[in-house]
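In what follows, a single structure is set out as structure tokens and then discussed.
Nothing fancy with the numbering, it's 1 onward along the sequence.
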Amino acid sequence: MAGICAVVLAAGEGTRLRPLTEQLPKALCPVGNVPLLDRALARLAGLGLTGPERVAVNACYLADQVVAHVGGRAHLSVEPGDPLGTAGGVGNLRDWIAGRGVLVGNADAYLADPATAPGPDVAALLDGWDGRSVRLLGQPAADPAVPGTFDGHRFTGFSLLPWRLVRELPPAFGDLVRAVWRPAEAAGALEVVAYPGTFYDTGTPADYLTANLHAAGDGELVDPTATVTGRVRRAVVGAGAVVRGEVERAVVWPGATVGEGERLRDAVRAGDGRTVPAA
């Protein structure tokens, strides 16, 4: 793992998840009662990538929350104004990356492989890398010809970039698809590494709910500090939540309440009381 660092992209606004992301950045939205950003950092730790010398997190939208949550666990890159996008976010970290290859992960990517722990489940992305090609983690697309695929695969949240391309990225708005991935593909220098587990990008309420239900397995995932006197089926209930009604195929955020006689189904209940349909 020498010569490799990692960047977790956590600067986005999460517009498709609104209104859930109006007061909480998408990177901190919990899946299976664990903030998405913590899942990403745990996966990197499983690869031996930890600490502010090896891991960076960018922030912009509601940046103060991201900064406070990360603390000293990673180097922090706070982008002024609007988010710089995936390419700009990496370009803004060129001085920190400083000649290394970089594993770039989307904070909102939910990955789970029942056969392999987080970290080792994406290790194939790094195995045998020549330090010059671009690698993407992917899964076979239902329609290999659909726009947005790479070698018939859909992107599943992690890419590996060589310094020779990173050093050319300016700290200005741009995306990795057009700045790095497609040019590398055209040059025959892009490789897709298949991910064998489950992936959701959690970008919409429906996908966010699906990822939570996957994390819960076949039953319920209830934080020990939650108070539940009602009925909970196929749901995730967060810390300090109160459930006195019925919850099915739903997510109850930390501190949220489902009142007596209330039925929450195919939805997300935020801590401030708002309900977001996720069917």
Test item: [X] and [Y] side chains (from C-beta on) under 4.5 Å apart, heavy atoms:
X	Y	value
T50	L44	no
V252	V258	yes
L213	T210	no
V237	D223	no
N106	D201	no
R54	H75	no
F173	P83	no
L36	L28	no

Flag yes if [X] and [Y] sit in one hydrophobic cluster, no otherwise; membership is Ile, Leu, Val, Met, Phe, Trp, Tyr, and two members link when side-chain heavy atoms are under 4.5 Å apart.
X	Y	result
V236	V243	no
V193	V134	no
V177	V7	yes
V67	L9	no
L103	F150	no

So how far is it from [X] [atom1] to [Y] [atom2], rounded to the nearest 0.5 Å?
X	Y	atom1	atom2	result
E262	T257	CD	OG1	9.0 Å
L41	L37	CG	CG	4.5 Å
C5	L93	SG	CG	8.5 Å
C60	L84	SG	CG	7.0 Å
T116	L111	OG1	CG	12.0 Å
E13	L62	CD	CG	8.5 Å

With a 3.5 Å cut-off and no angle check, do the side chains of [X] and [Y] form a donor-acceptor pair?
X	Y	result
E79	N58	yes
D207	T202	no
R154	T149	no

Check: [X] side chain, [Y] main-chain N or O, donor-acceptor pair, under 3.5 Å:
X	Y	result
E168	G91	no
Y208	P30	yes
R39	V31	yes
R132	A189	no
H153	D151	yes
R100	I4	no
R234	E220	no
T156	L137	yes
R94	P170	no

Geometric class of the Y110/Y200 ring pair [parallel <30°, tilted 30-60°, perpendicular >60°]: parallel
Aromatic plane relationship, W181 with F155 - under 30° parallel, 30 to 60° tilted, over 60° perpendicular: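 Geometry flag for W181 against F155: tilted rings.
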Neighbour count >12 (heavy atoms, 6.0 Å) for atom [atom1], [X]:
X	atom1	value
E53	CD	no
D95	CG	no
R233	CZ	no
R244	CZ	no
R178	CZ	no

N-O pairing of E248 and R231 below 4.0 Å: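 Between R231 and E248 there is no salt bridge, as every charged N stays at least 4.0 Å from the carboxylate O atoms.
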Salt bridge present between D272 and R274 (N-O < 4.0 angstrom):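 R274 and D272: salt-bridged.
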Derivation and outcome, side chain to side chain donor-acceptor pair (under 3.5 Å), residues D175 and T86: CA-CA 5 Å; D175 66 81; T86 54; 5.2 Å; no
Locate the shortest heavy-atom distance separating [X] from [Y]; write the atom from each residue and the value.
X	Y	value
D113	Y195	N-OH, 3.4 Å
L76	G71	CD1-O, 3.8 Å
G119	L47	O-CD2, 3.1 Å
P205	A278	O-CB, 3.4 Å
S159	L136	CB-CD2, 3.4 Å
A10	V57	CB-CG1, 3.9 Å

Verdict with reasoning, T204 to R16, per side chain to side chain donor-acceptor pair (under 3.5 Å): CA-CA 5 Å; T204 66; R16 293 180 299 159; 5.7 Å; no
R43 and V122: CA distance, side-chain angles, deciding distance, side chain to side chain contact (heavy atoms under 4.5 Å, CB included) verdict: CA-CA 8 Å; R43 179 161 276 104; V122 299; 3.9 Å; yes
L161 vs V104, side chain to side chain contact (heavy atoms under 4.5 Å, CB included): CA-CA, chis, key distance, verdict: CA-CA 8 Å; L161 311 180; V104 181; 3.9 Å; yes
Worked check of side chain to side chain contact (heavy atoms under 4.5 Å, CB included) between V8 and V70: CA-CA 11 Å; V8 180; V70 172; over 6 Å; no
Single hit among T15, T21, D108 for side-chain hydrogen bond (donor to acceptor under 3.5 Å, both in side chains) with K26: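 Per the side-chain hydrogen bond (donor to acceptor under 3.5 Å, both in side chains) rule, the option paired with K26 is D108, out of T15, T21, D108.
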Derivation and outcome, side chain to side chain contact (heavy atoms under 4.5 Å, CB included), residues F158 and R135: CA-CA 9 Å; F158 282 82; R135 285 184 171 180; over 6 Å; no
Stepwise salt bridge (Lys or Arg N to Asp or Glu O under 4.0 Å) check, R265 with E246: CA-CA 8 Å; R265 191 174 192 275; E246 182 178 344; over 6 Å; no
